[in-house]
Each structure stands twice: as structure tokens, then as C-alpha cells.
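So the structure is just underneath, and the comments pick up after that.
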Amino acid sequence: MESKNHKSLEFLLNHPKTSHVTHDVNTETIERRLFSPKKITLFSSRFTSVEDNPEYKFKHDSEASKALPDIIGNHVQKIISGDKKSEKEKLSFLKPRNIGVVFSGGPAPGGHNVIAGIYDEAKKLNPESKVFGFLFGPDGLLESKYVEITKSLVDAYRNIGGFTMIKTGRTKIDSQNKINLALKTCLDLKLDALVVIGGDDSNTNAAFLAQAFKKFNIRVIGVPKTIDGDIQVKTDDNQILCAVSFGFHTAARAFSQNISNLTTDASSDIKYWHICKVMGRVASHLTLECAFQTHANLVLIGEELADYTDHARVKDAQKQGVIDYTAYGITLRHLSRMICNIIVKRAASGKNFGVMIIPEGVLEFINEIQVFIIKLNTIIADYNNKHDKDFHSSFASFNDKLEYLRRLTRGLTDKNKFSIWNLRDDELFNQLPSFFRKGLLVERDTHGNFQFSQVKTENIIMDMVKEYLGILKEQGRYKVGIDKSYYKSVMEDARINSEKFAKAVFKNPDDKFLIVKETIISLKTLKQALVSANLIDSDDNIPSPVIQIFKKSDPNFKTQTHFYGYDGRGSDPTHFDCNYAYNLGMTAFHLIANGATGQMAAIKNLEKKFDKWEPIGIPIAKMMHLEERNGKLELVIEKSIVDLNSNAFRVFKSLREEWLAALSNQDRYRRPGPVRFTGNAEEDRPITLVLNSI
Ligand code: FBP
């Protein structure tokens with residue numbers, strides 16, 4: 001029955017407070033839209049020029065010289081003041097321009113600010129200039145689907161995450177036909193320039209478009225985007241030109257806030273290990289950054305695992321005068337053992353809980369899995385090259401795919417018997433859990449990359465960890481350490497001689513954390529120990545405080561798994577990314593206005609204070625190398641992975657024991673706090689970036 005005071009629904013819906021609090025646009029959004037990112041001082045001047053800097057050298061690939069002859073000669077270009085421009089040059093600089101922009105690949109926070117930077121500069125220099133946004137990524141370029149970017153559209157998305165304004169897509173422009181379609185769209189729109197905002201593969205596309213469009217006087221500029229942080233550009237003598245792509249900082253901070261919340265939960269309820277898989281494709285840059293942001297207890301860095309050597313095995317083999325190749329690189333089994341040992345060590349110091357971070361691409365660095373990924377990539381690419389219908393359409397179900405692999409081992413497929421997959425591969429593959437096999441067989445992305453985000457890596461590893469922990473528990477080697485003062489107080493409250501019992505029950509009665517002897521794995525074995533120490537008779541019951549202590553020492557390994565990826569990728573940008581992306585957009589515009597093409601816009605000195613930031617253009621063709629893709633060698637931009645000699649990794653390595661807190665020390669969790677778009681602190685930029693710049 002409705003009470004008298006109950007307002008009618010109509011009244012409620014029409015109430016100004018209701019509309020205020022349920023409106024789509026809240027205060028945070030309004031403030032974000034109004035926020036003005038900082039501008040590199042140079043961009044406040046009316047004219048800029050570019051200066052070639054041939055002193056920055058790259059070892060470029062000879063294939064790149066053949067494929068990209070018109071842009072391979074580009075140098076690093078610095079944007080400098082344009083005061084010395086002649087009147088004619090000034091006029092040309094200010095002419096109206098039509099510029100197209102396209103997002104390519106996964107979203108990264110800050111993308112809208114790149115467009116805002118291009119738009120603001122274009123309109124400032126000549127209000128007649130127009131910016132067009134191609135819809136749904138490269139498809140919009142191929143199908144001539146676009147919108148004209150207006151002030152109201154830009155204003156609605158300033159400092160807002162995602163690529164929602166014009167969407168994105170992963171279509172690769174990888175054929176002459178597609179290049180021709182893109183060219184036609186650009187010619188029809190009378191574009192002066194095209195800006196490709198994308199990752200390594202998309203910047204590769206940008207270089208091929210720049211080459212093809214050169215004779216039509218359409219400039220193509222790339223912008224380094226990806227949360228993965230794997231576009232980093234250094235010269236031959238290790239000078240950093242592009243330290244990180246935009247979006248990396250925000251994604252890392254967004255993931256870290258969640259992970260940090262889990263460290264708080266884990267250390268409050270002390271019953272779970274939280275297993276956090278963090279996006280980043282192959283490279284572990286995001287994971288390393290999250291480690292610094294949160295001080296999680298256990299962090300796996302894929303690149304380090306690949307570097308693993310089992311020294312004991314190497315020595316054993318040496319003694320026998322042989323080389324044990326299996327001692328180099330890590331296997332899944334070995335990795336799970338390593339994780340178990342760490343969990344056991346931490347439990348011994350009373351902490352049977354914690355937070356672990358696993359990089360999405362960790363499998364790429366595990367020997368046996370990498371072999372499967374490469375073999376399956378090759379088999380799928382080979383099938384696609386030979387047949388009209390692609391592999392995944394021809395073998396739609398998992399069983400069909402398995403049957404095809406089986407047929408390969410029997411050489412029944414066709415006369416070109418494929419020897420890459422033999423009986424042994426098939427046997428080993430079929431020993432993997434079916435969800436994992438399904439993961440390894442998922443469709444490759446348009447660039448031929450293995451889709452790590454589709455595989456439940458964390459479950460694969462944790463299943464093996466759980467199994468081995470079970471064995472360790474059975475062997476009495478996995479125990480929760482009991483704080484000695486707690487033990488004493490429980491025993492003394494019950495007026496039991498704590499010292500006598502400690503000697504019978506614990507293997508280290510003098511330590512701060514007491515570990516129950518390995519032989520005591522049940523109440524039965526506990527009783528046997530007490531009887532043989534003459535503390536009780538065989539007919540007596542075990543004193544209840546001793547049972548209480550024993551139960552606390554008995555580990556129950558419970559996990560919660562989490563995947564941090566799409567959430568952080570869609571986050572609103574941090575202050576750093578707001579500024580960085582906006583200045584990248586302005587850099588792209590000024591490169592165009594000064595006639596550059598085939599260059600990637602970048603900001604040098606990102607790791608330094610804002611007044612040291614320098615807008616530059618980096619020659620994309622010189623960043624390319626040959627890589628196996630879809631079973632063929634292709635020219636692509638090299639992805640950068642975590643450098644084990646970098647400052648960041650070395651600092652991480654020396655601090656991780658502290659963060660593991662497996663001795664009697666306290667956890668050292670750090671609270672990075674939420675993603676903010678204001679602020680000026682040193683740590684408002686990636687910590688790995690700051691460390692690597694020292
Ligand atoms: P980009 O390389 O295009 O920036 O995408 C990055 C990424 O978010 C990876 O971290 C992740 O592995 C992948 O995209 C996921 O791809 P999808 O969006 O197709 O699921």
C-alpha cells in the first residue's frame with residue numbers, strides 16, 4: 001500500500017534533482033570537456049618550420065629502401081620557430097587545408113585529444129581548413145565513409161576516453177586495391193593530408209600510404225597510439241625519440257587503481273590470492289608499470305621468463321660433457337613451480353594471500369607454447385594462402401580444426417604434405433586442456449597477430465599451480481606460518497606450556513613465524529607427534545588451543561581471477577595523456593603544414609618536465625624491419641619489448657623481494673589513486689619512463 005508521503009512517479013521524474021542526478025552528462029564530464037591541456041610554447045607562435053636532423057641515425061632495412069624509396073631518405077625533423085619563413089612560405093603555411101584523420105586498432109585514452117589538437121591548429125591558422133574523420137577505422141577510408149569534424153563534435157569529446165567520436169577498426173590496408181580505394185577517397189575529398197592514429201601495424205600502413213600518395217601530393221603522418229607501450233623509438237646510439245605511445249599511462253593507471261584496491265581487499269580479508277591478468281599483447285610494459293604503481297606481491301615479466309636458465313641442469317649436463325638445451329627458456333611446468341615456491345614462502349611468513357600480476361602475453365615467452373603459436377600461425381597462414389575459403393570458415397568447429405591437424409600428421413591433407421605438424425606435436429597439443437587448445441586456435445587478427453586477449457592464460461597457469469600446491473601440502477611443505485606472539489597468547493590463555501608444545505609441533509620454535517613440522521599434515525599426525533613427545537597420552541584428546549593453531553597453519557589456497565584490459569583501454573585519459581595526445585595532434589598538424597610526409601609525430605623528452613617537451617617527426621620507413629606475419633616475411637615496425645637491462649627492470653628486480661614480503665616484513669602496497677586529468681606531480685607520468693630517463 002502506498003504511504004501518504006509517497007510522491008507520484010510523475011512528480012519524481014519531473015523533479016529538477018532527479019534530472020540533475022540522472023543526466024548523462026555529469027560534473028566530471030563537464031569539467032573534462034572544459035579542461036585545456038597544456039600547449040608546447042612553440043605552438044603558440046603563428047608560424048613554425050621543420051628542421052632536418054640527420055645526426056639521429058637508424059640502421060634501416062634494405063627491404064624498406066626498396067619498398068619505400070620516396071620516404072626512406074627522410075630524417076628526424078624537429079619543429080622549430082617559423083619566424084624566418086619568407087613571405088611566400090608564410091602564405092603557403094596559412095593556406096586552407098583538408099585533413100583526414102583515422103583511428104586504427106584498439107582504442108587508447110587520449111585519441112580524441114589528438115583530433116582536438118589537429119582541429120584547433122588547423123582552424124587557428126585558417127578557419128577555412130577542414131578536418132574529416134573516417135568512420136570505423138580504415139574501413140571508412142576504403143569505403144569513403146566520413147564525417148566533417150565540427151567544433152561542437154570536438155568539444156563534446158575533449159579529454160574524454162575511447163575513440164567513440166569516429167570509432168575504430170582493425171582492417172589492414174595490405175593490397176594495391178585497398179591503397180587505390182584509399183587514394184580515391186582522399187582525392188575525392190581533396191585531402192592535403194591524412195593522419196593515421198594507430199599502433200605499430202597502423203604506422204606501417206601509414207608508411208605505405210605515404211609512399212603511394214607522394215606523387216599526388218597527399219601527405220601521410222602517423223601518430224603513436226597503443227596502450228601496450230610497445231612503440232618506442234631509439235636511435236642507433238640509444239637516444240630516445242619516442243619513449244611511449246599515448247594511452248599507455250592511462251591504461252596502466254586504470255589497471256593499477258583496480259589492482260591496488262585488490263591489495264587492500266586481500267590484506268583485509270587475508271583469504272585470497274588475486275590473480276590479475278593485464279593486457280599488453282606480447283610485451284610486459286603495462287605489467288611492469290602496474291608493478292611500480294601498486295607494489296603487488298608477485299609480478300611476472302614475460303621477457304624475463306624467456307631469458308630463464310636452469311643453472312642446476314646446465315651444470316649437471318656439463319658434468320656429463322653434454323649440453324642440455326631444455327635448461328634454457330622456461331616451460332609452463334617450471335613456471336608453475338616457481339610461482340608455487342613463492343606462494344609457499346609468503347605463506348610461511350603468515351601471509352596466505354596476495355596479489356599477482358600476469359602479463360597477457362606471457363605465453364609468448366614460454367618455450368613449448370611459443371612453438372605451438374608459431375606452428376599454428378604457419379599452418380593457418382599456409383591454408384589461407386592456398387584455399388579460397390579461409391581456415392576458420394572451412395573448419396568452423398573446434399573438432400573440425402583438431403581433425404584437420406590430425407590429418408596433417410597422417411599426411412592426408414594433400415600431396416604437399418605439411419611436415420611442420422607431426423605426431424608428437426599432435427600428442428602434446430592434445431594433452432593441453434581443451435579451453436587452452438581452443439584459445440591457441442582462435443582466429444588471428446587482420447595483421448596475423450596471435451590474439452592473446454582471447455586466451456585464459458591465468459587459468460592455465462593457476463590450474464597447474466593449484467595442482468602442485470596440493471602436492472606440496474600433502475608433503476607438508478606448504479604451511480601458513482603462525483605468529484609466535486599469537487601462538488603464545490593462545491597457549492598461555494589456556495595455561496598450556498607453550499615452549500614444550502612448540503618443540504613438538506614446529507620445526508623452527510625460535511623464529512617469529514612458526515612453521516608446523518612437515519610430518520604433521522593432519523590431526524592424526526599431530527596427535528602422533530604430541531604422543532611421541534610425551535605431551536599427551538594416546539587416549540587423550542589434543543588440547544583444543546593446539547587444534548586451533550594447527551588449523552590456522554593448514555593452508556587453503558583460494559584465488560580470484562581478474563582480467564584488466566578493455567576497461568583501462570576505455571578509461572578517460574590521465575593528465576599526462578590529455579597533454580601528450582593534444583600536443584601529438586598539434587605536432588601532426590605542424591608536420592603537415594611544413595610539407596612532411598611518411599613521418600610519425602612524436603614528443604621527445606616526454607620523461608622530462610613539460611617545458612622540455614620537443615615536437616618532432618620520426619621517419620617511419622627507417623623504423624621498419626622484416627618480420628614473419630601470416631607465414632610470410634613482411635616489412636613492419638618492430639615492437640619493443642621490456643629491456644631487461646633498462647633501469648626500470650633493474651630497479652623492479654631489486655625491489656620485488658620487498659614487495660613479496662615473504663620474510664617477516666610487512667606488505668609494501670602502494671596506492672596510485674584514481675585516474676585524474678589535473679595535477680602536476682612528477683609521478684603524473686609513467687614511473688617506468690621516469691626511471692628509464694635517469
Ligand atoms: P592495439 O595494438 O591496436 O593498440 O591494441 C592493443 C590491445 O588492446 C592489446 O593490448 C590487446 O591484446 C588487443 O588490443 C586486443 O584486441 P581486440 O580489441 O581485438 O580484442
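Counting starts at 1 for both ligands and their atoms, following the listed order.
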Check: S245 side chain, K225 main-chain N or O, donor-acceptor pair, under 3.5 Å =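 Not a single qualifying donor-acceptor pair exists.
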Do me a favour and list the nearest non-hydrogen protein atom to [atom] with residue, atom name and distance?
atom: atom 2 (O) of ligand 1; answer: R281 NH2, 3.4 Å
atom: atom 20 (O) of ligand 1; answer: Y566 OH, 2.5 Å
atom: atom 18 (O) of ligand 1; answer: R569 NH1, 2.9 Å

request  = Could you list the atoms of ligand 1 found under 4.0 angstrom from a heavy atom of G105?
outcome  =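 This gives 3 (O) as the contact atoms.
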query = Which ligand 1 atoms are under 4.0 Å away from a heavy-atom of K225?
reply =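 Matching atoms, with element in brackets: 1 (P), 3 (O), 4 (O).
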Fit a plane to each ring of [X] and [Y], take the angle between them on a 0 to 90° scale, and name the class: parallel (under 30°), tilted (30 to 60°) or perpendicular (over 60°).
X: F35; Y: F677; result: perpendicular
X: F163; Y: F246; result: tilted
X: Y157; Y: H112; result: tilted
X: F649; Y: F652; result: tilted

key: ligand 1 contact on D228 by region, counting heavy-atom pairs under 4.0 Å   =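 Only the side chain of D228 comes within reach of ligand 1.
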ask   = So between E360, Q451, R170, whose heavy atom ends up nearest atom 14 (O) of ligand 1?
value =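 Looking at heavy atoms only, the winner is R170.
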inquiry  = Looking only at distances, can you tell me whether any N or O atom of S104, backbone or side chain, sits closer than 3.5 Å to an N or O atom of ligand 1?
reply    =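 It does not: no N or O of S104 is found under 3.5 Å from an N or O of ligand 1.
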Ring centres under 6.0 angstrom apart (Y383, F395) =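 Yes: the rings meet the under 6.0 Å criterion.
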task = Mark the output for G106 as yes if a heavy-atom distance to ligand 1 is under 4.0 Å, and as no if none is.
result =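 A heavy atom of G106 does come that close to ligand 1.
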request  = Please confirm whether G280 comes under 4.0 Å of ligand 1, counting heavy atoms of the residue only.
outcome  =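 Distance cut 4.0 Å: G280 passes for ligand 1.
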ask   = Using a distance-only test with no angle check, is there a side-chain donor-acceptor pair under 3.5 angstrom linking R444 and Q451?
value =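 Not at all, the side chains of R444 and Q451 share no donor-acceptor pair under 3.5 Å.
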